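This report concerns only the one structure given below.
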Amino acid sequence: MYTEKVMEHFRNPRNVGEIEDADGIGQVGNAKCGDIMKIFLKIDENDIITDVKFLTFGCGSAIASSSMATELIKGKHIDEAVALTNKAVIEALGGLPRVKVHCSVLAEQAVKSALFDYATKSGKVIAGIEDYQPDEDVHDHDDEQL
Amino acid sequence: MYTEKVMEHFRNPRNVGEIEDADGIGQVGNAKCGDIMKIFLKIDENDIITDVKFLTFGCGSAIASSSMATELIKGKHIDEAVALTNKAVIEALGGLPRVKVHCSVLAEQAVKSALFDYATKSGKVIAGIEDYQPDEDVHDHDDEQL
Amino acid sequence: MRQVYLDNAATTMVHKEVVETMNKYYGNLFGNPSSIYDFGQTAKKAISSAREKIASVINANPDEVYFTGGGSESDNWAIKGVMTANRKKGNHIITTKIEHHAVLHTCEYLAKNGYEVTYLNVDSDGLISLKALEESIKDTTVMVSIMFANNEIGTIQPIKEIGDIAKRHGVLFHTDAVQAFGHVPIDVKEMNIDLLSASAHKIHGPKGVGMLYVRKGIKIDNLIHGGAQESKKRAGTENVPGICGFAKAAEMALETMNDKMASISVLRDKFLTEIPKKIENVKLNGHPTKRLPGNVNFSFEFIEGESLLLYLDMEGISASSGSACTSGSLDPSHVLMAIGLPHEIAHGSLRLSLSEFNTEEDVDYTIEKLIGVVHRLRQMSPLYIRRK
Amino acid sequence: MRQVYLDNAATTMVHKEVVETMNKYYGNLFGNPSSIYDFGQTAKKAISSAREKIASVINANPDEVYFTGGGSESDNWAIKGVMTANRKKGNHIITTKIEHHAVLHTCEYLAKNGYEVTYLNVDSDGLISLKALEESIKDTTVMVSIMFANNEIGTIQPIKEIGDIAKRHGVLFHTDAVQAFGHVPIDVKEMNIDLLSASAHKIHGPKGVGMLYVRKGIKIDNLIHGGAQESKKRAGTENVPGICGFAKAAEMALETMNDKMASISVLRDKFLTEIPKKIENVKLNGHPTKRLPGNVNFSFEFIEGESLLLYLDMEGISASSGSACTSGSLDPSHVLMAIGLPHEIAHGSLRLSLSEFNTEEDVDYTIEKLIGVVHRLRQMSPLYIRRK
Ligand SMILES: Cc1ncc(COP(=O)(O)O)c(C=O)c1O
Ligand SMILES: Cc1ncc(COP(=O)(O)O)c(C=O)c1O
């Protein structure tokens, strides 16, 4: 069902946990649908993401997507991080079953949501998430399995 | 499907053939339904069946029933022969599948028909077949198999 | 690594005696039972004897047992066959909210085609209300279809009482006994069951074989029309090896039923008592006592079932979350919804289903691993961490 | 005594490679393919690869192949599923008088439920008229169901031409290819086939497994509702061993198809030329050349088929008279009626159906025994004796 890469990130998820004094926190998804992702960002004065942690309630691919997304933005400038797409997450994971694609979307949105929080708190403008609203419609759980 | 006795009579049918100068000949059934039985009787002055032969176009149980029926009436008085029932044939054969019961009925009727022919030709009255008419309705082929 | 198979409600390991039986018919005895030559007849006799064995498990007459291609086919046939054949009597069928999809989706299909369906509620243990059942019967009711035992939470319904109600009101009673057949005693005569579905692969028999018991005299349309097999009620060249394998499995199940019920429920009860002791925030799903000997179902709060299964799989433990038959979908199980679980708790459900091949060591090993896995997942869960 | 099995149109001996394949899945790989743990996934992969193999036999895409419980189920599903799902388009189906009962009785069932059925005639060789087909298509026609090759007389229909007509008129084309699949080349794309039924046990695979090919995009209702298996189109725990056995058999059939068509038809042709030479008053049934490589069908005048079969059985020869699937009934075969045989000649029909396991010695032995048996039965027949 899952690629080796997905399983590897699921088995050993990177960056699990909280950041007490996070500069940005984003949470998307809801328990009803079975996935919640929460991302914590530590961002330095040059807008570089120096630390990132996540907490995820969800399936294997949700955990792997969170892990991969945090890896992909760690050490990056916020402008780079905001450009992270779910496609990039999927690619980095070597693919996801079609019914699990929403997990990667969730990861993208969790990152954006945390950046939006940082932007709001810090008064900065990050191009691309000016009016950020996480999209609730990504949970197309009835999709046919690949 | 068939009892050992049926198979034995089918494998080695008794009394196959014709009697050139038969005293009574009966034929029942039709090719359309897939069974025809023809019975030839040789009857002596004491109304004893001294010889009997049959020709049958039909399935295994039709051949076995003919064979058994001829055995059961051979050497018998015509009053005994006329009393031959399909039940007796079935019993003597150790049973028949339900869909094949009509074969035994056919055998009974072939005997009766030959006796009727004898009665007609000889001007005798045989109790039980005064107005003999073979019954065409015994072919209930759609019966459920046992 | 230790392998612990705890998904026997999904499917079971085939008994080696069953495989041997089947191989006999794959070998020299491959004849078509509808043929009249010798080894076709051998196949035919084998089917007759299989039918007797299967019938004896539920106290039916052999000629009331029809072989099918599995439990789903049996359910579809029972419901569509009876409803269409008795259309003049009415168009109403009563079922429950916790049926297997083979029943539910069949009813939904009927509903789209002019039939009326009542879905009975169940209580938090998964039991229907006999009163509600009785009240829902009306003039147009043709049949009641209520499962014997639930595949997810293991709850066993009051079948005899349901049968009595159906009989009293002159409606037919079908029960999906796929999870119960061969596992717990069933007597179709005493329980007034008119139709009953079973499937071989749930009792260590082959996949793709099932049966429908249809009480003599019941009007039912064919689901599969064609040849004259199965007394003209179910067409298709008989799956002789499968049928004989099913019968062998049923025979073995019947012979050992009492012993197995006792020994398997001991293991089950160890799970039922130990898990809540060792893991906090768990909820038992299904009735505490009226449940299948091999069924364990818990919800672990704050975590999600698939992750749980995958981590358990890494420890060699095979289990299930919700019905295995529907794991293609990610919707929380309709059964867990029907017993009133909130979505997030339904998502965290785990079914462990035992067979005679499980041991106490399996149980101990599983509990130990489960403690670790649940802990690990909770440490990742925003629901759990927030709570602290 | 020599055993000569000549009833391969009824069912075939299972290849030992197929049995080995199946036993693998009866053994350690018994997992449920819908499960997410490791060996459930192994089963799932096995099914995917089986689907590819089956698809390649008919040049379909793997996702257009759905596994079923046999040829009869496939036929029922194709016809009922398409007719009910396309009810808005119309209620008319065209078929032939020589279909297998799985198609005919399904159509009769539909006819009782508000559908209209046209049964095309065939000529004395068993071929339909393309002109009559085209003329019978009307606005309400939803589908045409015409078998690829007949199970009794072996006649092969002009499938590509039928597909072209169907396509031109915008109606769907289903073909019951149970006798043709794996025996003769089939290309659903080139032949414009929209739905195709096949069954494993006719190609040395297991009984109780079949498939329905459904061209992508075709509207079809489920016959068996329930779990999400087979892309939600056919519910029921997948018969993994059976499916993999089917695929193995299909793979073997495809690899050797050309050789086998050549070698088997040599044996067939020996029957076709020798029997009329050696036995008087015989009639070949079916088309002389457009016929299945393994099909021989003769009527022997003045004698009845069952006796013939039983006497042949005593010589170790297994054969059939009319469709094996309907031998529970004693009606003369509807196929032989449709090609215009009088009843009494239909009753005397004999089908010999060959497989790769038959040899020239089998043929010689059978002809020799047949001469004796026919003679013996004719000596008992009032029709023959009277004639002299
Ligand atoms: C032409 C044809 N269609 C359908 C079937 C039915 O297939 P099955 O017996 O696998 O259900 C058969 C064989 O019995 C057949 O020969
Ligand atoms: C209660 C119940 N009904 C029906 C079925 C369907 O049986 P099968 O998979 O044999 O079609 C199952 C199992 O999958 C079941 O647990």
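Remember, it's a predicted structure, so these values are computed and weren't measured experimentally. Chain identifiers are assigned alphabetically (A, B, ...) following the order of the sequence lines, protein sequences preceding nucleic acid strands; residue numbering begins at 1 within each chain.
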Applying a strict 4.5 Å limit to non-hydrogen atoms, the region of C:Met314 in contact with chain A is side chain

Side chains of C:Asp75 and C:Thr106: any donor to acceptor distance under 3.5 Å?
no

Where on A:Ser61 is there a heavy atom nearer than 4.5 Å to chain C: the side chain, the backbone, both, or neither?
backbone

Aromatic rings A:Phe10 and C:Tyr311: how do their planes relate, parallel, tilted or perpendicular, breaks at 30° and 60°?
parallel

A:Tyr2 portion near chain C, given a 4.5 angstrom heavy-atom threshold
side chain

So, the part of A:Ile63 with a heavy atom under 4.5 Å from chain C: the answer is side chain

Quick one: what part of C:Ile303 sits under 4.5 Å from any heavy atom of chain A, side chain, backbone, both or neither?
backbone

Residue C:Arg376 versus chain A: region with a heavy atom under 4.5 Å:
side chain

dist C:Phe298:CZ -> C:Ile275:CD1 (nearest 0.5 Å) comes out at 4.5 Å

Largest heavy-atom contact set with chain C, pairs under 4.5 Å, which of A:Ala31, A:Ala62, A:Ser66, A:Pro13:
A:Ala31

Between C:Arg2 and C:Tyr365, is NZ or CZ placed under 6.0 angstrom from the six-membered ring centre and within 45° of the ring axis?
yes

Classify the ring geometry of C:His343 against C:His347: parallel below 30°, tilted from 30° to 60°, perpendicular beyond 60°.
tilted

Within a radius of less than 6.0 Å around NZ of A:Lys42, do more than 12 heavy atoms belonging to other residues, nucleotides or ligands occur?
yes

